[in-house]
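Written below as structure tokens is the structure these notes are about.
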Amino acid sequence: MARADFSAGQQRRSLGPIGPFWEIDFDTWWQAVDVNFRGAMLCAHAVLPGMVARRSGRILNIVTAAAPFAYISSYITSKSALVRAAECIAAEARPQGVSVFSILPGTVRTAMTEKSLQSPEGQEWIPWFRRFFDEGLDVTPDRSAKLVLDLASGEFDDLSGLYLTIFDDLSAIAQQIDRVRQEQLHTMRVRVLAVNPALAAVSAIREAGERGKQ
């Protein structure tokens, strides 16, 4: 029983507070960022030296939609940071034979999702979340596990650095990887309405930096 309680408590800390940012306890808000982002980065920092030395390894970060959902800002902020960090680390680690992925495992019924569904604050601020279950869009744990195993197998190392979801066809993405890279698909990018010459020059420098060039 204690072990189950610990797991549920950990998942509640991962979700963070639900509600308007200015009304929630900030220490609780920051704790979720610490658990989700710093925790993952500590793990990556610990295992990467060995992977680089062996010139082989894969890191899979469990993220979420990274969309600007209201009232769960600590969870979304921490997971969005993890997506961006994975892109940066993947660019550094790719020449060393190491792959890094961000994966959306789908909505699985867990202690964390139960809090989102059943708690008063969840019902008040994120009532839309129930639709995943009402409309049959949730997934089973084994389906999520298959995505992890497929990426861990090494078959899709060409997709390193990308944001991949439970609903993606990995083989189709791999077959169109040149287009995916060129159009910056499956990545976190800020798109603007118009590009003036100065911004175009800045963007060109940034793109060279993303490719690891001067």
Side-chain angles (χ1 to χ4, degrees), residues 1-44 46-47 58-87 100-152 162-170 186 188:
M1 180 64 68
R3 183 174 181 179
D5 290 342
F6 176 80
S7 177
Q10 285 292 93
Q11 293 197 56
R12 284 193 295 272
R13 286 189 288 275
S14 174
L15 175 62
I18 301 173
F21 176 75
W22 58 91
E23 292 182 4
I24 52 87
D25 176 72
F26 183 77
D27 288 340
T28 306
W29 189 95
W30 187 253
Q31 184 181 52
V33 176
D34 201 47
V35 169
N36 294 328
F37 183 53
R38 184 170 183 267
M41 290 298 95
L42 284 171
C43 289
V47 301
R58 293 164 195 92
I59 294 175
L60 283 70
N61 291 313
I62 307 298
V63 299
T64 188
F69 296 128
Y71 309 121
I72 47 175
S73 59
S74 60
Y75 182 76
I76 295 300
T77 298
S78 61
K79 294 295 188 175
S80 299
L82 196 53
V83 174
R84 177 62 88 198
E87 290 182 359
V100 185
F101 306 92
S102 295
I103 62 174
L104 170 65
T107 302
V108 180
R109 191 174 289 274
T110 63
M112 188 172 73
T113 55
E114 284 298 323
K115 178 185 178 183
S116 301
L117 292 169
Q118 307 298 338
S119 67
E121 60 269 31
Q123 294 177 4
E124 178 179 4
W125 296 110
I126 53 171
W128 53 265
F129 184 71
R130 182 173 296 279
R131 290 183 57 189
F132 287 115
F133 298 93
D134 292 344
E135 299 179 21
L137 298 173
D138 57 311
V139 301
T140 58
D142 60 324
R143 187 176 173 189
S144 300
K146 184 179 184 306
L147 174 61
V148 172
L149 291 173
D150 286 344
L151 292 172
L162 299 186
Y163 168 84
L164 303 164
T165 82
I166 191 71
F167 307 107
D168 287 328
D169 183 334
L170 300 183
H186 295 273
M188 184 181 293

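In this chain, numbering begins with 1 at the start of the sequence shown.
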Do the side chains of Phe129 and Thr107 get nearer than 4.5 Å, heavy atoms only? yes
If a pair satisfies side-chain hydrogen bond (donor to acceptor under 3.5 Å, both in side chains) and one of its residues is in residues 61-75, list it, with sequence neighbours excluded. Trp29-Ser73
Salt bridge Lys146-Asp142, side-chain N to carboxylate O under 4.0 Å: no
In short, salt bridge (Lys or Arg N to Asp or Glu O under 4.0 Å) pairs touching residues 122-131 with sequence neighbours left out are Arg131-Glu135
Decide whether a cation-pi geometry holds between Arg58 and Phe101; the criteria are a distance under 6.0 Å from NZ or CZ to the six-membered ring centre and an angle within 45° of the ring axis. no
Evaluate Leu15 against Thr113 for side chain to side chain contact (heavy atoms under 4.5 Å, CB included), listing each step before the verdict. CA-CA 9 Å; Leu15 175 62; Thr113 55; over 6 Å; no
Measuring from atom OG1 of Thr110 to atom NZ of Lys115, what distance do you get when rounded to the nearest 0.5 angstrom? 11.5 Å
Closest non-hydrogen contact found for Ser116 with Ile18 is CA-CD1, 4.4 Å
Is a side-chain donor or acceptor of Lys79 paired with a backbone partner of Ile62 at a separation under 3.5 angstrom? yes
So CE of Met112 and OG of Ser14: to nearest 0.5 Å the spacing works out to 5.0 Å
Less than 4.5 Å apart, any side-chain heavy atom of Val83 and any of Glu87? yes
Working to the nearest 0.5 angstrom, can you tell me the gap between Phe21 CZ and Thr77 OG1? 8.5 Å
Checking Glu121 side chain against Pro17 main chain: does a donor-acceptor pair fall under 3.5 Å? no
Mind checking what makes ring-ring contact (aromatic ring centres under 6.0 Å, His included) contact with Phe37, not counting sequence neighbours? none
Give the minimum heavy-atom separation between Val63 and Ser102, together with the two atoms involved. CG2-CB, 4.0 Å
What verdict does the side chain to side chain contact (heavy atoms under 4.5 Å, CB included) test give for Thr165 and Ile103, after you've listed the backbone C-alpha separation in whole Å, the side-chain angles of each residue and the deciding distance to 0.1 Å? CA-CA 5 Å; Thr165 82; Ile103 62 174; over 6 Å; no
Please test Leu164 against Leu104 for side chain to side chain contact (heavy atoms under 4.5 Å, CB included), starting from the C-alpha separation and ending with a verdict. CA-CA 6 Å; Leu164 303 164; Leu104 170 65; over 6 Å; no
Over all atoms of both residues, closest heavy-atom pair of Ala85 and Met41: CB-SD, 3.8 Å
Shortest non-hydrogen pair, Ala40 vs Leu82, comes out as CB-CD1, 3.6 Å
Would you please test Arg109 and Leu117 for side chain to side chain contact (heavy atoms under 4.5 Å, CB included) and show each step? CA-CA 10 Å; Arg109 191 174 289 274; Leu117 292 169; 3.7 Å; yes
Nearest heavy atoms of Val139 and Ser144, plus distance in Å: CG2-OG, 3.6 Å
Just say parallel, tilted or perpendicular for the rings of Trp30 and Phe26, cut-offs at 30° and 60°. parallel
Note, Asp168 side chain near His186 side chain (heavy atom, < 4.5 Å): yes
Contact summary for Ala152 and Leu60, nearest pair of heavy atoms: N-CD2, 4.5 Å
Taking the side chain as everything from C-beta on, heavy atoms only, tell me whether Pro105 gets closer than 4.5 Å to Ile166. no
